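I have placed the structure first, in the form of structure tokens, so that the comments after it can refer back to it.
All values derive from a computational prediction rather than experimental measurement. By convention in this document, chain letters (A, B, ...) are assigned in the order of the sequence lines, proteins followed by strands, and residues within each chain are numbered from 1.
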2 protein chains.
Amino acid sequence: MAKIDRINQKILHELLRDGRLPNTELADRVGLSPSACLRRVQELERQGVIKGYRAVLDPVALGNGFVAYVTVGLSDHTKAAQEGFERSVARYDEVRECHNITGTVEYLLRVEAEDLVAYKRFHTDKLGTLAQVHQIVTHVVMGSPKDERA
Amino acid sequence: MAKIDRINQKILHELLRDGRLPNTELADRVGLSPSACLRRVQELERQGVIKGYRAVLDPVALGNGFVAYVTVGLSDHTKAAQEGFERSVARYDEVRECHNITGTVEYLLRVEAEDLVAYKRFHTDKLGTLAQVHQIVTHVVMGSPKDERA
DNA sequence: TCAATCTTCGCCATTTATTGCCAAATTATT
DNA sequence: AATAATTTGGCAATAAATGGCGAAGATTGA
């Protein structure tokens, strides 16, 4: 099904770096004609290899100068507790990512807020009020030497 | 400088969801003419509010079925040690993100590999060989109920 | 090896989008 | 209220996306 040959790899590599690369330019870089290149991209989209395109925004310019990774431990490990927790964080705009991980705690969240005050509000009034939550540990992001989130 | 009025918010919201939205369609959705809309987008790019565009790829389809968050503690906290470590992870393709965080350890990495075997290879042959690294804790991602990485 | 088949290609024509320009409208300033 | 500064919409020229078609290339099976 998904055969990723050398050319498709180059296509994906280029689109990962610049999702708005014009098809003509992309075709040029991978050494194909625009139409052939376009057909490949469309096929990759259809197959789900390319799930979509996103603008990368600057959290600071957007008023989200505070970023933290937060580990969350639940008080019990039932399916109901997990689903309840996941439903809650899905509603919180501050939570940009929620990963279910192995280790001493169940969840790792990426939280973006305007500042420390706004984060404390989220921590206390939202996360802290969830019945399933047993433990919260905040790791403030001081910098991201490498960030290829996509 | 960066004044984000209602219209710009809508623009950013739409481009976050679909970075390849044609300008004509975007203009339509936010209620502007294409030319006015384009000028706003270009200004947001120039100001750095929009840092770029990225294709969102499916790790599984790409052969990266294994995702983990890894905390790394350094043996000493000198600037040289940090810079050396950051330079190293910048070279590792498996490391998609590297965040400098507060807490008991210095770094949080997001690592993507083909499978557990490939990850072990990365863990042993790459991370493990770095002189600055003192402690490595792996948290395998079992699922991501919410993922708005962009 | 050779031929039939199936895929992918490049070229071309058409449709659609981007982009710069200018006058009109809106908003801010005095 | 009058003026100045910004922002807008419409228009025209340029550029890009898209689909059709025949040719080149790869694959399969005898």
What I want to find out is whether Arg29(B) reaches Glu25(B) closely enough, with some N-O distance under 4.0 Å, to be called a salt bridge. yes
Between the side chains of Lys126(A) and Asp93(A), is the shortest nitrogen-to-carboxylate-oxygen separation below 4.0 Å, so that they form an ion pair? no
Leu21(A) CG - dA16(D) C1' separation (whole Å): 12 Å
Nucleotide nearest Arg40(B) (side chain, heavy atoms from C-beta), chosen from dT19(C), dT8(D), dG19(D): dT8(D)
To the nearest Å, how far apart are Glu43(B) CD and dT6(D) P? 12 Å
With heavy atoms under 4.0 Å as the rule, sort Thr24(A) into base, sugar-phosphate or nothing. sugar-phosphate
Please report, rounded to the nearest Å, how far the C1' atom of dT18(C) is from the CD atom of Glu25(B). 15 Å
Quickly work out the Asp28(A) CG to dA17(D) C1' distance and round it to whole Å. 16 Å
Chi angles and distances behind the side chain to side chain contact (heavy atoms under 4.5 Å, CB included) call for Leu74(A), Tyr107(A): CA-CA 8 Å; Leu74(A) 302 190; Tyr107(A) 289 98; 3.8 Å; yes
Taking the side chain of Asn23(B) as heavy atoms from C-beta outward, which of dA16(D), dG10(C), dT18(C) is closest to it? dT18(C)
Most 5' of Arg20(A) and Ser33(A) on DNA chain C, judged by nearest nucleotide: Ser33(A)
Distance, rounded to the nearest Å, where Glu45(A) contributes CD and dA17(D) contributes C1': 12 Å
Choose from dC9(C), dG9(D), dT18(D) the nucleotide whose nearest atom is closest to any side-chain atom of Ala36(B). dG9(D)
d(CG, Leu38(B); P, dA15(D)) in whole Å: 15 Å
In whole Å, I'd like the distance from the CZ atom of Arg6(B) to the P atom of dT8(D). 16 Å
Would you say Tyr69(B) and Leu109(B) make side-chain contact, with heavy atoms under 4.5 Å? no
Quick check on DNA chain D: between Gln42(A) and Asp5(B), whose nearest nucleotide comes earlier from the 5' end? Asp5(B)
Report the distance from atom CG of Leu32(B) to atom C1' of dG9(D), rounded to the nearest whole Å. 10 Å
dT7(C) phosphate, OP1 or OP2: any side-chain N/O from Arg39(A) under 4.0 angstrom? no
Side chain of Ser35(B), heavy atoms from C-beta onward: which of dA17(C), dC21(C), dA16(D) has the nearest atom to it? dC21(C)
Ion pair Arg46(B)/Glu43(B), N-O distance below 4.0 Å: yes
